[in-house]
Amino acid sequence: MSNLVKVAVTGAAGQIGYALLFRLASGEAFGPDTRVALHLLEIPPALKAVEGVVMELNDCAFPLLDNIVITDDANVAFDGVNWALLVGAKPRGKGMERGDLIRENGPIFTTQGKALSKAASDLNVLVVGNPANTNALIAANNADGVPIERFHAMTRLDQNRAYAQLAEKAGVTVNDVSNVTIWGNHSATQYPDAENAKINGKPAYDVIGHHDWLRSEFITTVQKRGAAIIAARGLSSAASAANGAIDHVKSMVNKTPEGHWFSAAVPSDGSYGIAEGIIFSYPVTSDGQGNYSIVQGLSLSDWAKEKIAVTEAELRDERETVADLLK
Ligand code: NAX
């Protein structure tokens with residue numbers, strides 16, 4: 001057992017961090033033959049809490065857990081890491097608009113982006129902290145020497161939510177659902193695509209006859225699921241968000257089965273007419289060797305194209321809002 005993967009997690013004392021670290025340390029993301037070193041980044045007031053989490057990680061006696069680094073210095077946290085999971089960010093405060101949140105959190109990602117230049121040459125970055133797509137754009141633009149395609153933002157939780165909704169409606173399990181795509185921004189403008197989805201290999205639109213539901217409630221339920229969870233739990237999604245991050249990593253490090261894909265926000269190369277450079281959620285496949293491709297040639301109805309245009313416009317606006325943070 002000689003493989004070692006170094007994984008940085010920011011916001012390690014937060015609720016997603018607490019749900020994520022134990023699963024990383026157990027070997028779930030990188031497999032049973034890979035040891036995991038954890039580099040935990042937090043702001044100084046939260047370092048004590050991270051120490052407590054580390055005590056618990058040690059108390060699990062995970063056979064695959066190598067060393068753990070705790071720090072408030074991004075240069076230390078990202079030194080030599082193969083993966084950086086950027087979870088830490090400030091939550092949206094009362095009365096705060098999305099634009100305010102973008103301005104508030106943007107500077108975190110300029111600093112962390114610069115420090116990512118110290119990472120390993122095979123670095124991959126997954127941004128979870130909101131607004132995830134634009135934070136990933138900021139980090140990518142500030143990370144000298146790291147190819148832009150290594151920066152992803154998480155839409156896997158949204159995809160998983162869409163799988164669950166389709167499975168429930170069709171009276172099947174999530175194992176019977178495939179090829180669901182989240183297009184665009186991890187926000188309420190995202191477009192969860194059931195037109196290309198399959199249930200037991202058949203088009204979801206053939207299996208679920210209730211097309212009004214597919215075009216309305218299905219979409220709004222997925223778009224607003226985060227808010228529904230806050231309303232019910234009093235706290236934002238945490239275990240399911242950590243699960244989305246684990247799923248994202250697993251999908252990226254393993255070869256995608258033929259005919260399947262998963263959703264991830266990656267730098268647009270212009271596919272499907274989307275503005276180049278914005279971090280846009282697409283259907284992607286991985287070759288399991290560190291490379292992914294955007295799935296080409298999916299058919300999109302005019303109605304779907306309109307939805308996609310809305311979420312693209314939001315991401316272009318967000319890019320304008322942080323133009324001074326981009327190089
Ligand atoms: P918490 O507030 O519980 O934890 C955030 C942690 O980040 C805190 O411990 C804080 O001290 C730390 N932090 C803040 N600034 C930092 C910095 N500069 N460097 C390192 N650490 C820093 O939030 P949590 O519920 O864990 O959520 C974390 C982020 O995920 C939020 O931005 C949240 O909006 C976002 N989410 C993203 C989701 C997605 O699907 N992409 C879904 C879940 C979640 O809403």
Side-chain angles (χ1 to χ4, degrees), residues 8-21 38-54 69-78 84-93 96 98 100-102 104-116 125-139 142 151-162 182 184-190 192 222-231 233-249 262-266 279 281:
V9 178
T10 74
Q15 28 155 27
I16 296 176
Y18 193 71
L20 179 61
L21 294 173
L38 293 173
H39 291 205
L40 309 182
L41 180 71
E42 258 295 353
I43 52 176
L47 287 176
K48 189 81 193 155
V50 180
E51 283 173 23
V53 176
V54 169
V69 174
I70 303 175
T71 181
D72 61 2
D73 181 346
N75 291 298
V76 175
F78 298 149
L85 307 181
L86 308 186
V87 179
K90 291 178 200 160
R92 195 192 289 208
M96 222 180 186
R98 190 172 173 84
D100 300 333
L101 183 72
I102 292 173
E104 185 86 13
N105 280 327
I108 296 176
F109 293 87
T110 55
T111 310
Q112 292 185 359
K114 289 191 177 87
L116 283 166
V125 182
L126 174 63
V127 179
V128 175
N130 278 322
N133 301 50
T134 295
N135 289 340
L137 180 71
I138 296 169
N142 284 277
F151 288 81
H152 328 144
M154 187 168 92
T155 51
R156 186 54 172 269
L157 171 57
D158 306 297
Q159 178 193 298
N160 289 344
R161 289 166 170 166
I182 303 297
N185 203 0
H186 168 68
S187 76
T189 67
Q190 66 179 267
V222 176
Q223 287 173 332
K224 296 179 183 166
R225 188 68 160 183
I229 286 176
I230 294 172
R233 205 172 85 90
L235 288 168
S236 56
S237 325
S240 56
N243 181 70
I246 296 278
D247 280 352
H248 177 100
V249 172
F262 58 95
S263 303
V266 298
I279 310 290
S281 186

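Read the numbers this way: they start at 1 and go in the same order the structure lists the ligands and their atoms. The figures here come from the full heavy-atom set of this structure, side chains too, leaving out hydrogens, waters and symmetry mates.
- Atom 14 (C) of ligand 1 has its nearest heavy-atom neighbour, among A265, G129, P44, A89, in A89.
- Between the side chain of T10 and the backbone N or O of V87 there is at least one donor-acceptor pair closer than 3.5 Å.
- Considering only non-hydrogen protein atoms, atom 25 (O) of ligand 1 sits nearest to Q15 NE2, 3.0 Å.
- Residue contact annotation: G226 has no non-hydrogen atom under 4.0 Å from ligand 1.
- Distances from ligand 1 to the non-hydrogen atoms of R156 include no value under 4.0 Å.
- Distances shorter than 4.0 angstrom do not occur between any heavy atom of A238 and any atom of ligand 1.
- With a 4.0 Å heavy-atom cut-off, ligand 1 is reached by the side chain of L157 but not by its N, CA, C or O.
- Of the N or O atoms in E42, one or more lie within a sub-3.5 Å distance of an N or O in ligand 1.
- Side-chain atoms of Q15 do not come within 3.5 Å of backbone N or O of A238 as any donor-acceptor pair.
- Of the listed options N160, V128, L126, V128 places a heavy atom closest to atom 35 (C) of ligand 1.
- If you check which protein heavy atom lies closest to atom 27 (O) of ligand 1, you get I16 CD1, 3.4 Å.
- Residue H186 touches ligand 1 through its side chain alone, judged by heavy-atom distances below 4.0 Å.
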